[in-house]
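Here is how names work: the chains are called A, B, and so on, in the same order as the sequence lines, proteins then strands, and each is numbered from 1. Values in this document were obtained by computation on a predicted structure and should not be read as measured data.
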Amino acid sequence: MRPRGPIADHLDALARALAFDPALARRVAKEAEDHLREAADAAGGDAEAERCAVAAFGNARALARQYAATALTAQTRRIGAGTVLALAGIFAVMEARVAWYGLMQWGLADALKGMSAVALPLDRAAFLLAAVLAIAAFVYLGSRRAPRELHPAYGKELARAVALCAAAACALLVSVAIESVLTAFRLLAAAPCPAALVPAATIAAEAACAGALVWSIGRASRRAMQAAALMRN
Amino acid sequence: MLKGHLDMIVLAALAGAPAHGYAVIQEIRRRSGGAFDLPEGTVYPALHRLEQQGFLASRWTKGDTGRERRTYSLTRSGRRALADRRAVWHRFAAAIGGLFEESAHAAARPHR
């Protein structure tokens, strides 16, 4: 446990201010502690030396704002890249399932043809919309440059990019849901056989992919909101 | 004004040898003759940013005190970036120097 004193208090303040990124907070705390202890030791190592070291180090929230700009940009870029990758992965899995149906000569039951005629264009439109939104988010993020310090205007730009990714994820969820329903009906209409495992597995993979994307966007949004609190004094 | 050049200052401080944050600040202070006296913590977000941009690499090392510390070193692209910024700075300084010299001559000329 850390001995209490000005340095420990400052490290706690820094950890609170960097709570939007726990891994970064741990790294910064370790670096800052080494710095502050070395500075305090060089000045005598007593409580006064600790206070001087803390004062020379600077305000915790101001420092966190500087970290936030880089950390949130990197996080949002990961989300953008993740959205594009999720789309590519789901597309590949969808194509694999269709190829499997072809290989197995697994046609659609007559009773399902009507539903499929309505659902498939919706599915394609949702997927296309997701792809357009994801590419737009990716391009938008690529054109932004992280400032030295997080400020409200840049916070809004990042929020816009996350919103585009979230919209893409929603459209992707619609597409995966339609695919899941169609696949479920197709499997129910057929006699149970080992070949049914492939479409079931591909649907599970798509759902996992879309779920992971939604989870990471949710986490990024929560972190961005925590970081936004740094801009309010 | 100092803030706008912080990245270049940090890169220059690391040009000699790898160093941890505290040593980077000491080096900046020493080489600037104490003129650059910024809040010490400011250097860490700059180090982090430069690492993200690929200009620096870092690793944990054990210091004399037994505490772990992050040691930063310039990467190849960091050296290139420093050389580019140094060249831009020299051109800028020469241009401003020329401007000031001209205005000093004009001020020294007797008015009629």
> side chain to side chain contact (heavy atoms under 4.5 Å, CB included) between B:Ser58 and A:Glu31: does it pass, once the steps are laid out?
Replying inline: CA-CA 12 Å; B:Ser58 74; A:Glu31 274 195 290; over 6 Å; no
> More than 12 foreign heavy atoms under 6.0 Å from OH of A:Tyr154: is that the case here?
Replying inline: yes
>> Please classify the contact of B:Glu68 with chain A as side chain, backbone, both or neither, using a heavy-atom distance under 4.5 Å.
In response: both
>> If you compare all heavy atoms of B:Pro39 against all heavy atoms of A:Gly58, which two are closest, and at what distance to 0.1 Å?
In response: CB-CA, 4.3 Å
> Which atoms of A:Ala32 come close to chain B, meaning under 4.5 Å heavy atom to heavy atom: side chain ones, backbone ones, both, or neither?
Replying inline: neither
>> Using the rule given for side chain to side chain contact (heavy atoms under 4.5 Å, CB included), can you reason through B:His48 versus A:Leu24, listing the C-alpha separation, both sets of side-chain angles and the distance that settles it, and then say yes or no?
In response: CA-CA 10 Å; B:His48 188 246; A:Leu24 177 68; 3.5 Å; yes
> Roughly how far, to the nearest 0.5 Å, is the CZ atom of B:Arg67 from the CD atom of A:Glu33?
Replying inline: 7.0 Å
> By a 4.5 Å heavy-atom criterion (distance strictly below it), what part of A:Ala42 contacts chain B: side chain, backbone, both, or neither?
Replying inline: side chain
>> Closer than 4.0 angstrom, basic N to acidic O: yes or no for B:Asp7 and A:Arg148?
In response: yes
>> Measuring only between side-chain heavy atoms, which start at C-beta, is A:His35 closer than 4.5 Å to B:Ile25?
In response: yes
> By a 4.5 Å heavy-atom criterion (distance strictly below it), what part of A:Ala146 contacts chain B: side chain, backbone, both, or neither?
Replying inline: neither
>> Distance check, rounded to the nearest 0.5 Å: A:Arg37 atom CZ versus B:Tyr22 atom OH?
In response: 13.5 Å
> Which atom names give the shortest non-hydrogen contact between A:Leu63 and B:Thr42, and what distance separates them?
Replying inline: CD2-N, 3.6 Å
> What pairs meet the side chain to side chain donor-acceptor pair (under 3.5 Å) rule with one or both residues in residues 126-142 of chain A, with sequence neighbours excluded?
Replying inline: A:Tyr140-A:Arg160
> Between A:Val28, A:Thr70, A:Asp34, which residue shows the highest count of heavy-atom pairs closer than 4.5 Å to chain B?
Replying inline: A:Asp34
> At a heavy-atom separation under 4.5 Å, does A:Asp41 approach chain B through its side chain, its backbone, both, or neither?
Replying inline: side chain
> Who pairs with A:Phe127 by ring pair (Phe, Tyr, Trp, His ring centres under 6.0 Å), at least two apart in sequence or on another chain?
Replying inline: A:Phe91
